[in-house]
Amino acid sequence: MKLFLFFLYMFLVVFNQDANSADPHTPEEVFAYASELEARGDFQRAATEFGRYVSSSSRASEQTFPRLEEAMFRLAVNLAQSREVDGALRAFSDLGARYPKSEYIPLALLRMGYIYEKNGAVEEATRRYRRLLEHGMDTEFSALSRLRLAWLALGKPGEEEVARHHLRSVTHPRFVNQAKGMLQGVDDLSNLPYKDPWISGAMTAVLPGAGHLYLKRPEDAGLAFLSNGLLLAGTLQAFSQGITGLGAALGLMELGWYSGTVFSAVSLTNKHNKQIRDESLNRMGFLIKPEANALGLEMEWQY
């Protein structure tokens with residue numbers, strides 16, 4: 001009898017252990033493990049664990065998952081850090097749909113805007129930044145949003161005044177100096193050594209190669225002058241010798257080459273202007289690099 005009771009006791013102990021081991025991770029443990037992975041920079045696995053926390057919440061009461069709002073936000077962040085762009089955007093959207101008044105919404109909008117921006121969806125990025133401003137949210141994030149909007153405006157020729165408006169509206173002490181530096185950069189954009197494409201085109205039309213000299217491209221100028229000169233000389237000589245067919249063919253070639261030379265001068269002028277503008281913008285861009293601390297996270301934005 002004692003032996004039977006002993007085996008019964010052992011069976012109950014093992015059964016109880018198996019029952020408890022069926023779900024060894026409580027919500028708190030899952031959240032803590034996800035946070036540990038995030039701190040180690042293992043963003044993909046951290047996203048998986050935060051995702052477990054979020055998905056498990058749908059099968060239990062919200063009181064069992066007191067950090068659900070934060071978990072949804074950190075799930076989106078870690079997906080973004082893992083370059084899971086579509087998943088990150090969906091996760092941020094889910095957060096906004098479930099918690100429209102969440103304290104994480106300003107940062108979520110800022111993050112979404114930056115993701116769209118880095119992936120070339122400028123209009124979507126602009127929409128997120130403006131939404132942050134329209135809601136009158138936290139001034140620190142509003143300042144960052146205005147810096148991004150100013151930067152996007154500078155990517156469009158003729159939008160300098162829009163950029164100035166956003167920069168003058170930055171009042172947060174943490175970003176005032178950045179805004180002032182950018183304002184100075186915007187003013188400098190109009191004083192860059194631009195070349196006039198109309199002038200280069202007209203000069204080339206009068207004398208092939210002259211427009212290229214205007215751009216300080218002597219090799220291109222010499223090639224343009226020599227090639228057009230030879231074709232024109234060949235055309236005139238053919239006609240003077242009565243070889244009209246050859247003269248007409250050379251004339252057509254010269255007309256095409258001449259037109260191409262004028263187009264080349266104008267195109268190179270526009271390329272020159274874009275290059276010096278881009279170089280100036282790149283220098284300005286260092287003033288508005290996203291900062292981890294400014295975004296409330298001690299991790300870099302790695303998209």
Side-chain angles (χ1 to χ4, degrees), residues 73 76-77 80-81 83 85-86 88-93 95-97 100-192 273-297 299-303:
F73 173 73
V77 169
Q81 296 293 88
R83 293 182 172 83
V85 173
D86 293 336
L89 292 172
R90 283 195 300 270
F92 280 128
S93 297
L95 170 66
K101 296 184 180 180
S102 170
E103 63 178 310
Y104 296 105
I105 294 299
L107 186 50
L109 286 171
L110 198 61
R111 287 268 190 172
M112 291 179 78
Y114 193 68
I115 291 173
Y116 279 122
E117 183 181 340
K118 293 298 286 183
N119 285 276
V122 174
E123 293 305 320
E124 290 294 335
T126 301
R127 192 173 294 116
R128 297 311 184 282
Y129 295 143
R130 285 178 177 168
R131 183 181 163 197
L132 197 158
L133 296 178
E134 289 167 0
H135 284 248
M137 296 176 176
D138 185 281
T139 55
E140 184 175 11
F141 296 126
S142 295
L144 279 167
S145 188
R146 287 195 179 278
L147 288 175
R148 302 312 307 175
L149 284 168
W151 179 251
L152 292 178
L154 291 174
K156 303 174 184 177
E159 294 289 321
E160 287 82 5
E161 196 53 44
V162 174
R164 288 189 181 94
H165 166 72
H166 286 299
L167 294 171
R168 293 187 186 115
S169 301
V170 175
T171 57
H172 194 281
R174 185 169 188 172
F175 303 106
V176 166
N177 288 336
Q178 287 174 294
K180 288 181 179 178
M182 285 188 68
L183 271 171
Q184 181 60 54
V186 175
D187 293 338
D188 291 342
L189 285 177
S190 59
N191 298 320
L192 292 173
N273 291 342
K274 184 179 184 302
Q275 182 178 346
I276 61 174
R277 180 185 172 88
D278 287 348
E279 289 173 356
S280 181
L281 288 175
N282 286 336
R283 290 192 295 271
M284 197 186 309
F286 285 108
L287 294 170
I288 55 171
K289 279 187 174 181
E291 300 177 35
N293 293 336
L295 299 171
L297 292 172
M299 61 175 72
E300 295 179 357
W301 287 15
Q302 300 172 353
Y303 300 133

Spatial distance of atom [atom1] ([X]) from atom [atom2] ([Y]) [nearest 0.5 Å]:
X	Y	atom1	atom2	answer
Leu95	Met112	CG	CE	9.5 Å
Arg148	Arg128	CZ	CZ	15.5 Å
Lys274	Glu279	NZ	CD	10.5 Å
Leu144	His172	CG	NE2	8.5 Å
Leu149	Arg130	CG	CZ	6.5 Å

Let me check something: any side-chain donor-acceptor pairs from residues 101-108 under 3.5 Å, sequence neighbours excluded? List them with distances.
unit_1, atom_1, unit_2, atom_2, d
Ser102, OG, Glu69, OE2, 2.5
Ser102, OG, Tyr104, N, 3.0

Please give me the minimum heavy-atom distance between [X] and [Y], naming the atom from each residue.
X	Y	answer
Gln178	Arg174	OE1-O, 3.9 Å
Phe175	Ala143	CD1-CB, 3.6 Å
Gly113	Ala125	O-CB, 3.2 Å
Ser142	Leu133	O-CD2, 3.6 Å
Leu110	Phe141	CD2-CD2, 3.9 Å
Ala80	Ala88	N-CB, 3.6 Å

May I ask you to decide if Gly158's main-chain N or O and Glu160's side chain share a donor-acceptor pair within less than 3.5 Å?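 Checked: pair present.
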Does any N or O in the side chain of Tyr129 come within less than 3.5 Å of the main-chain N or O of Tyr114, such that one atom is a donor and the other an acceptor?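 Pair found, side chain donor or acceptor close to backbone of Tyr114.
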Step by step, work out the side chain to side chain contact (heavy atoms under 4.5 Å, CB included) result for Met182 and Leu154. CA-CA 10 Å; Met182 285 188 68; Leu154 291 174; 4.2 Å; yes
Would you please name every residue forming a salt bridge (Lys or Arg N to Asp or Glu O under 4.0 Å) with Asp187, sequence neighbours left out?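 With sequence neighbours excluded, Asp187 shows a salt bridge (Lys or Arg N to Asp or Glu O under 4.0 Å) to Arg164, given in chain and number order.
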Could you tell me whether Arg127 and Glu123 have a side-chain N and a carboxylate O separated by less than 4.0 Å?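 No, this pair does not count.
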More than 12 heavy atoms from other groups under 6.0 Å of CZ on Arg277: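 Count over threshold, so yes.
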